[in-house]
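Excluded from the calculations below are hydrogen atoms, water molecules and symmetry mates; all remaining heavy atoms, backbone and side chain alike, are included.
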Amino acid sequence: MKKARPLQLGAMAGAAVLAILAGWWLVDGLPPADAPETVAATSAAPAPGGAVPATAQPIGDARPAPDAMLNPSLILIFESALAEAQATGKAAFMAMAPGLLAKRLPAELVARAMGLLERYIDMQEAMQALPPPDAGDPASLRKTIEARAEVRRRYFAPEEIEGLFGDETRQDALMADKMALARDANLTPEEREAAAKRSEEALLTPEQREQRRAFTAQVDVQRQTDAMDARGASAQERFAERNAAYGYEAARQLAALDQENQDWNSRLDQYANAPPDQQAQLRESLFNERERLRLSGALALRSARPVPTAAGRTPGRSPS
């Protein structure tokens, strides 16, 4: 272990890291990783440290274990502890680890988590030696995915792999499937979409599929909004298009958001264009406490963006 930060290549990276390396980032909206959660308490006995015996089952044979501790949230906790420690070696980090874990886990779980953490660090060290996949090559990406799975099998038992890394593994496999489908010239767009849907159904849980749909919907809404901004669509046109695509209630809420953003940008313009001796007073009268905290960043972002030419274009978003 040379540094703590290079080891941070666990569940927070996963499919996203492999996708970036393979030149395939956000094909149709890869959902972001879940936010960290507190791992639920469990009465299970501490697992023994050290690597798993060579008889460990392949990841495909693993089944979810009824163990609340074995879930991706624990990997997020490990990564958070590594980031906070910034240790320069494994020994130094492991000396700090009990205190770091105690801030993030119930006291009765710390001892068991220490054993899992040590194996996680060793696994990540081994992962660093793996070559990255060739950009845009699904076969190379699959080879990298299997190499990562083989490294995991050296350090964790099947139920641990499924609980801690199962979601990541399935996201990686889905990404490889989508890349291969995109490169298959024999498929029509309809066939490609149907095959991608079958892959999602086979690999992802219902919760993961819903998360992907929600994220993709957000991307679609933003693309539509950008297109309407670019041509200067009127409020009536924007409402009609959104109503047709997403329904009345969504169109109403998006119209309200448009109005909120226009109001925010109007106040930013008033503040930015005022003489310096008036800005202090305008800062207090135009913005609430939350907005004032973001005022400097909003102005810096506006200055870095091209000047809008379309009537509907809004150079900044309200922080509320």
Side-chain angles (χ1 to χ4, degrees), residues 7-18 31 33-82 94 97-98 101-102 104-127 130 142 144-177 199-209 211:
L7 295 180
Q8 296 174 21
L9 193 62
M12 289 196 297
V17 167
L18 291 177
D34 291 337
E37 300 174 355
T38 302
V39 176
T42 177
S43 58
V52 176
T55 56
Q57 296 292 324
I59 181 63
D61 294 341
R63 295 293 183 269
D67 188 333
M69 191 172 187
L70 297 179
N71 72 75
S73 295
L74 185 63
I75 301 302
L76 293 170
I77 287 173
F78 289 168
E79 295 284 357
S80 174
L82 282 162
M94 293 305 294
L101 293 180
R104 296 165 168 84
L105 289 167
E108 64 269 20
L109 299 185
V110 171
R112 183 183 178 198
M114 283 291 293
L116 291 166
L117 175 59
E118 183 167 15
R119 284 186 279 148
Y120 177 72
I121 291 173
D122 292 340
M123 181 198 75
Q124 294 293 63
E125 284 280 15
M127 291 281 193
L130 298 179
R142 292 188 192 280
T144 299
I145 291 171
E146 179 51 39
R148 288 169 60 85
E150 178 59 34
V151 171
R152 292 191 191 104
R153 290 194 285 267
R154 296 207 304 261
Y155 294 94
F156 292 94
E159 66 274 12
E160 294 172 333
I161 293 173
E162 173 59 29
L164 298 173
F165 310 109
D167 288 350
E168 176 187 345
T169 300
R170 285 182 283 272
Q171 292 279 13
D172 287 349
L174 180 62
M175 184 61 63
D177 285 355
S199 184
E200 282 194 16
E201 293 286 338
L203 291 169
L204 302 184
T205 65
E207 292 78 12
Q208 289 173 318
R209 293 197 296 271
Q211 186 184 42

Practice problem: Measure the spacing between CG of Leu70 and CD of Glu160 and express it to the nearest 0.5 Å. | Solution: 6.0 Å
Exercise. Mind checking side chain to side chain donor-acceptor pair (under 3.5 Å) for Asp122 and listing every partner two or more places apart, or none if nothing turns up?
Key: Lys90
Quiz item: Ring centroid separation for Phe156 and Tyr120, is it under 6.0 angstrom?
Solution: no
Quiz item: Within the side chain of Ser80, is there an N or O that forms a donor-acceptor pair under 3.5 Å with the backbone of Leu76?
Solution: no
Quiz prompt | Partners meeting side chain to side chain contact (heavy atoms under 4.5 Å, CB included) with Ala126 (sequence neighbours left out) | solution = Val151, Arg154, Tyr155
Self-check item: Contact summary for Val110 and Ala102, nearest pair of heavy atoms
Solution: CG2-CA, 4.0 Å
Exercise. Of all the heavy-atom pairs spanning Leu101 and Ala113, show the shortest one and how long it is.
Key: CD1-CB, 4.0 Å
Quiz prompt | Side-chain touch Gln124/Glu79, heavy atoms, less than 4.5 angstrom | solution = yes
Quiz item: Is there a donor-acceptor pair under 3.5 Å between the side chain of Glu118 and the backbone N or O of Gly115?
Solution: no
Exercise. Could you pull out all residues at least two apart from Ala97 that satisfy side chain to side chain contact (heavy atoms under 4.5 Å, CB included)?
Key: Phe93, Met114, Leu117
Quiz item: Under the side chain to side chain contact (heavy atoms under 4.5 Å, CB included) criterion, do Leu164 and Asn71 qualify, and how do the steps go?
Solution: CA-CA 5 Å; Leu164 298 173; Asn71 72 75; 6.0 Å; no
Practice problem: May I ask you to test the Leu74-Leu105 pair for a side-chain heavy-atom distance under 4.5 Å? | Solution: yes
Quiz prompt | Spacing of CD belonging to Glu146 relative to CG belonging to Asp172, to within rounding of 0.5 Å | solution = 11.5 Å
Self-check item: For Pro72 against Gly163, the heavy-atom pair lying closest together
Solution: CD-O, 3.3 Å
Exercise. Run the salt-bridge test on Glu168 and Arg152 with the 4.0 Å N-O cut-off and return the result as yes or no.
Key: yes
Self-check item: Carboxylate-amine/guanidinium contact Arg170 Asp177, below 4.0 Å
Solution: no
Exercise. Would you indicate whether the side-chain heavy atoms of Leu116 and Phe78 approach each other to under 4.5 Å?
Key: yes
